Amino acid sequence: MDTAVFRAWIGSAAAVIEANRDHLTQLDAAIGDADHGINLARGFAAVTAALDGADGADGTAGSRPATPGAVLTLTGSTLISTVGGASGPLYGVAFRRAGKALGAAATVDLPLLGEALEAALAGVQQLGAAREGDKTMVDALAPATRAFGKAIGDGAATADALSALAEAAAAGAAATISMQARKGRASYLGPRSVGHEDPGAASTALILTALRDVVAR
Amino acid sequence: MDTAVFRAWIGSAAAVIEANRDHLTQLDAAIGDADHGINLARGFAAVTAALDGADGADGTAGSRPATPGAVLTLTGSTLISTVGGASGPLYGVAFRRAGKALGAAATVDLPLLGEALEAALAGVQQLGAAREGDKTMVDALAPATRAFGKAIGDGAATADALSALAEAAAAGAAATISMQARKGRASYLGPRSVGHEDPGAASTALILTALRDVVAR
Amino acid sequence: MKKLINAPDTVVTDALAGVAAAHPSLVVDVENKVILRAGGPRPGKVGLVSGGGSGHEPLHGGFVGYGMLDAACPGEVFTSPVPDQVLLATRAVSAGAGVLQVVKNYTGDVLNFQMAAELAGDEGIEVASVIVNDDVAVEDSLYTAGRRGVGATVLVEKIAGALAEEDADLTAVAAVAREVNDRSRSFGVALTSCTTPAAGKPTFELGGSEIELGIGIHGEPGRHRGPMRSARELAAVALDAIAADIPLDGELLVMVNGMGGTPLLELYVMYNEVASCIRARGGRIARNLVGNYITSLEMQGFSVTVCGLTDTLTRLWDAPVDTPALRWGR
Amino acid sequence: MKKLINAPDTVVTDALAGVAAAHPSLVVDVENKVILRAGGPRPGKVGLVSGGGSGHEPLHGGFVGYGMLDAACPGEVFTSPVPDQVLLATRAVSAGAGVLQVVKNYTGDVLNFQMAAELAGDEGIEVASVIVNDDVAVEDSLYTAGRRGVGATVLVEKIAGALAEEDADLTAVAAVAREVNDRSRSFGVALTSCTTPAAGKPTFELGGSEIELGIGIHGEPGRHRGPMRSARELAAVALDAIAADIPLDGELLVMVNGMGGTPLLELYVMYNEVASCIRARGGRIARNLVGNYITSLEMQGFSVTVCGLTDTLTRLWDAPVDTPALRWGR
Ligand SMILES: Nc1ncnc2c1ncn2[C@@H]1O[C@H](COP(=O)(O)OP(=O)(O)O)[C@@H](O)[C@H]1O
Ligand SMILES: Nc1ncnc2c1ncn2[C@@H]1O[C@H](COP(=O)(O)OP(=O)(O)O)[C@@H](O)[C@H]1O
Ligand SMILES: [Mg+2]
Ligand SMILES: [Mg+2]
Ligand SMILES: [Mg+2]
Ligand SMILES: [Mg+2]
């Protein structure tokens with residue numbers, strides 16, 4: 001997977017987030033403050049502009065990132081600068097850590113991608129202190145990362161490993177429906193948070209599914 | 001008509017106003033500020049207490065008024081002190097002027113009652129500067145006073161003269177429906193005030209009808 | 001109806017008990033519904049009394065204090081006070097220099113204050129009245145109730161209050177009050193209706209994307225209903241209406257007022273549009289107020305008030321004021 | 001949705017342009033969404049920065065000025081600011097004595113301020129943070145996001161701002177901010193929901209006679225829903241919840257705060273009940289605030305905040321403050 005694939009992934013993720021803007025916001029309305037889709041759509045719009053080499057909001061001249069790692073690092077920094085809320089720093093750190101893990105590699109193989117996912121998960125957990133079962137994006141990212149690692153260990157092909165990733169993320173997001181939130185805004189609902197899908201877990205599944213779909217194309 | 005009749009009239013008017021509290025308020029909601037029934041009900045409740053010889057709110061010892069004139073004067077003063085709004089001073093002055101016109105008479109015949117009605121109308125118009133057709137209580141009080149005068153002139157019996165009074169007041173109130181308001185809050189509506197009965201005209205008709213009904217009993 | 005009250009008939013007295021508990025600088029006669037400055041009137045100072053229906057808070061009780069009103073007489077919700085209240089207040093603030101009544105132009109307010117003025121006159125208290133009538137949404141004509149008193153009331157009370165604090169005489173204080181009124185015009189817009197506690201249902205009904213242009217402060221309608229528009233368009237509508245009546249050039253005092261249920265965030269959006277609009281028409285906003293100053297219970301919407309300043313009016317506006325709702329310089 | 005805005009995405013910047021136009025005492029970087037005191041920081045004074053999602057006005061921008069904040073960073077509506085904003089503000093108010101961040105305890109606010117603090121630290125600016133978490137409706141536990149920061153934020157900003165104005169050092173200013181937070185608890189009740197401009201429909205739905213007890217300032221729910229009750233009963237519910245956590249005796253500072261769409265009349269009714277309730281429990285309200293200070297757009301409802309005072313806290317509360325939303329002594 002080369003820089004073009006990573007650019008295509010982020011572009012596709014941006015489109016999927018935009019298409020699911022209202023859906024994610026509605027999920028957040030049920031157990032949060034009704035802004036998750038709006039926040040991420042704003043952030044990914046800025047990411048798209050940044051990856052196209054648009055000039056920064058602060059007037060710095062833009063340049064198109066040249067490696068997969070640079071694509072993800074720029075994605076993360078831009079999300080941090082534009083999303084706000086809980087998901088901004090969390091997704092920002094996730095993409096930045098993943099980008100750093102990819103280093104200067106021009107192409108990324110499955111094991112390297114696995115390391116990047118591990119790094120992203122570690123970053124999210126270090127920052128947000130959520131564990132699995134707390135009903136957060138971790139409940140999509142953690143099982144997805146595990147399933148991806150297992151698929152690689154089992155010698156799966158790229159497409160199959162990415163399918164495992166996407167399916168585990170989606171299953172993880174779906175599993176948050178029956179969880180009671182212990183982190184983030186939804187935790188204030190206590191038992192009333194049960195019965196609703198976590199918006200951050202849902203967006204994580206969308207973003208990881210976008211990766212599978214881009215590579216499968 | 002003696003003091004007992006006048007006391008019974010005001011008592012009955014108070015009951016009718018209380019029973020029509022929401023209706024009058026709704027009329028006022030359509031073209032005013034939705035308080036006419038509430039205002040008058042508050043005022044007439046205080047009037048009932050005052051006529052029963054209850055002590056004044058200011059601690060003055062109560063005494064039961066002994067003449068028809070005293071009944072109406074106390075009614076007017078109490079309305080001024082407790083109603084507020086436009087209708088408080090207007091009804092207050094109407095009853096006070098009528099009371100003064102009755103003087104110290106122990107019983108009131110038709111011509112004297114006619115003079116009292118004229119005095120009430122003059123008081124309202126002097127204070128409020130409304131003319132017939134402006135869509136106010138004047139549009140009930142003025143034709144009622146005229147019809148009463150005409151009935152007396154035609155030699156009508158008490159019951160018939162009071163029926164003429166009540167019917168003219170009701171017809172006058174109904175006629176305000178098609179008028180455009182030029183005084184009071186409803187005037188702000190301009191052409192949009194057309195199609196609604198004036199609350200003050202409606203309450204005037206209720207009060208004058210109560211007089212007919214009390215005497216007819 | 002969901003309201004933070006105990007019962008519809010005790011809402012005004014319960015609130016007055018709250019005002020008394022919250023503000024040691026005020027003395028509140030809860031039973032007779034009169035709010036006074038603690039410490040009583042200063043001998044030789046003109047007393048300023050205002051009042052009107054409740055439901056417009058902070059008007060008028062929130063403006064009792066140094067540099068503004070000496071007394072406020074709140075009536076029941078949206079119902080003018082009774083003469084007895086106004087008379088009590090007038091007596092309490094009379095300190096030998098006469099008393100100015102600031103009265104909003106509604107039949108009920110005018111009649112009740114007029115009766116009180118007569119009664120006070122009988123007691124030897126010199127009373128002058130200024131009738132505030134700044135609402136351009138209503139046609140001013142001899143044959144109607146005339147324009148309503150709205151936002152300019154706040155400006156009149158502040159500026160006349162400042163002059164009274166300088167020990168000007170009754171004639172001068174009444175004159176400056178009238179001057180402020182003459183130089184001020186307002187226009188209001190409602191996005192939603194309001195519900196009086198006693199009525200229990202909305203005074204009027206507005207559709208989901210309908211607004212009332214030229215609203216009064218009791219939910220009385222004004223010019224017409226129309227579809228919802230942007231803040232920019234609403235500012236233009238309001239200023240067009242005002243500019244048809246007074247010039248928008250020179251130094252101006254501008255108030256963007258919330259109707260009680262409007263977020264401050266939106267009032268600042270409106271102020272931005274109002275300020276741009278006035279700049280574009282050659283006016284200069286020398287002083288401003290943005291916030292909830294004369295409200296209609298929980299109504300959403302805004303009003304704009306514009307007053308053409310003079311050096312004297314600016315000086316009096318800037319003079320110290322120390323009331324629950326307006327405070328500076330002290 | 002009827003709102004006084006031009007477009008959902010420009011509401012915050014349009015409002016900031018309005019703040020800039022209305023308040024010459026503030027300098028507003030509209031594009032980067034930072035509100036600063038005009039004239040810049042005084043050398044040697046600890047800088048106070050706060051911020052959070054917009055929609056809570058006057059919090060925080062209305063509290064920038066002498067004796068309170070040096071800078072506010074408003075995020076999008078109900079969305080915490082981004083680190084870049086906070087970093088800009090931190091740089092701008094840094095005057096050699098360090099900077100205190102006042103952060104409400106929401107994951108988003110905490111994370112974004114933390115990132116900004118790290119970046120500022122890298123630039124050699126000493127940053128301390130106080131996390132405000134006074135909302136008793138939410139259980140405080142190591143395993144959850146913890147209690148939310150609500151009304152105490154206003155008190156922390158006022159009192160820490162007063163101490164900073166006296167040139168106390170960063171450690172002392174941070175300590176007094178934490179002390180105020182530790183001594184304060186709040187509880188809120190919503191009668192209606194609110195609608196963010198971007199979402200366009202209410203964040204939650206409440207029935208016609210249903211209320212949410214323990215509401216947060218973004219419409220997050222708290223303890224449970226229940227039927228509407230009287231002001232007296234609601235005061236008891238709020239104070240029971242607070243009293244389960246801190247003692248209600250001694251000298252207290254009490255704020256009765258409106259959620260943005262509540263008439264002031266009703267807030268005074270609530271204050272009266274809150275004050276009676278506290279008196280009955282042996283507390284003495286030495287200082288109070290009644291009004292809209294930390295809001296949730298047009299939500300109707302209230303919150304009560306109680307802070308146990310000390311002589312020092314009272315002195316700092318009384319110290320002069322001169323901001324758009326809170327002003328006394330100057
Ligand atoms: N401590 C945390 N760790 C991991 N994810 C979290 C944490 N707190 C919140 N989240 C995620 O953030 C999502 C909410 O994001 P968003 O709505 O954009 O921010 P906010 O809650 O500030 O409005 C939640 O659905 C959850 O997945
Ligand atoms: N100038 C006037 N002359 C005569 N009647 C008037 C005048 N102005 C108002 N009214 C009467 O008063 C009624 C309204 O009374 P009310 O609702 O109690 O007072 P307010 O208008 O102050 O709320 C109107 O329906 C009208 O009949
Ligand atoms: Mg959210
Ligand atoms: Mg009325
Ligand atoms: Mg009325
Ligand atoms: Mg948010």
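Every chain is numbered from 1, with letters handed out A, B, ... down the list of sequences. Being a predicted model, the structure only gives us computed values, none of them experimental.
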Could you tell me whether a side-chain N or O of N6(D) sits under 3.5 Å from a main-chain N or O of R232(C), the two making a donor and an acceptor?
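Judged by distance alone, yes, a pair lies under 3.5 Å.
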Quick check against the 3.5 Å criterion: does R327(C) have a side-chain atom that pairs as donor or acceptor with the backbone of W328(D)?
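Such a contact is absent between R327(C) side chain and W328(D) backbone.
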Minimal non-hydrogen separation, A22(C) against Y268(D), with atom names:
CB-CE2, 4.0 Å
Sort out for me which of [options] touches chain C most, counting heavy-atom pairs under 4.5 Å.
{"options": "M1(D), K2(D), M270(D)", "answer": "K2(D)"}
{"options": "A275(D), G258(D), G208(D), A235(D)", "answer": "G208(D)"}
{"options": "R229(D), E210(D), H56(D)", "answer": "E210(D)"}
{"options": "E233(D), Q300(D), M299(D)", "answer": "Q300(D)"}
{"options": "G260(D), P320(D), P24(D), G301(D)", "answer": "G260(D)"}
{"options": "L4(D), L191(D), V77(D)", "answer": "L4(D)"}

What residues of residues 10-17 of chain D sit under 4.5 Å from chain C when you count only heavy atoms?
V11(D), D14(D), A15(D), A17(D)
Chain C contacts: which residues in residues 280-296 of chain D have a non-hydrogen atom closer than 4.5 Å to it?
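If one takes a 4.5 Å heavy-atom cut-off, the residues of residues 280-296 of chain D near chain C are N288(D), V290(D).
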Begin from the C-alpha positions of E266(C) and I5(D) and carry the test side-chain contact (heavy atoms from CB on, under 4.5 Å) through to its verdict.
CA-CA 6 Å; E266(C) 294 177 31; I5(D) 62 175; 4.3 Å; yes
Check salt bridge (charged side-chain N to carboxylate O under 4.0 Å, His left out) between R279(D) and all other residues, then give those that pass, not counting sequence neighbours.
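Partners of R279(D) under the salt bridge (charged side-chain N to carboxylate O under 4.0 Å, His left out) test: none.
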Can you say whether [X] sits under 4.5 Å from chain D via the side chain, the backbone, both, or neither, judging by heavy atoms?
{"X": "V274(C)", "answer": "neither"}
{"X": "L265(C)", "answer": "both"}
{"X": "R330(C)", "answer": "backbone"}

Report all side-chain donor-acceptor pairs from residues 58-69 of chain C shorter than 3.5 Å, counting only partners two or more places apart or in another chain.
| residue | atom | partner | partner atom | Å |
| --- | --- | --- | --- | --- |
| H60(C) | ND1 | S50(C) | OG | 3.0 |
| H60(C) | ND1 | E157(C) | OE2 | 2.7 |
| H60(C) | NE2 | G51(C) | O | 3.1 |
| H60(C) | NE2 | K104(C) | NZ | 2.8 |

Highest number of heavy-atom pairs under 4.5 Å with chain D among A21(C), C194(C), G55(C) belongs to A21(C)
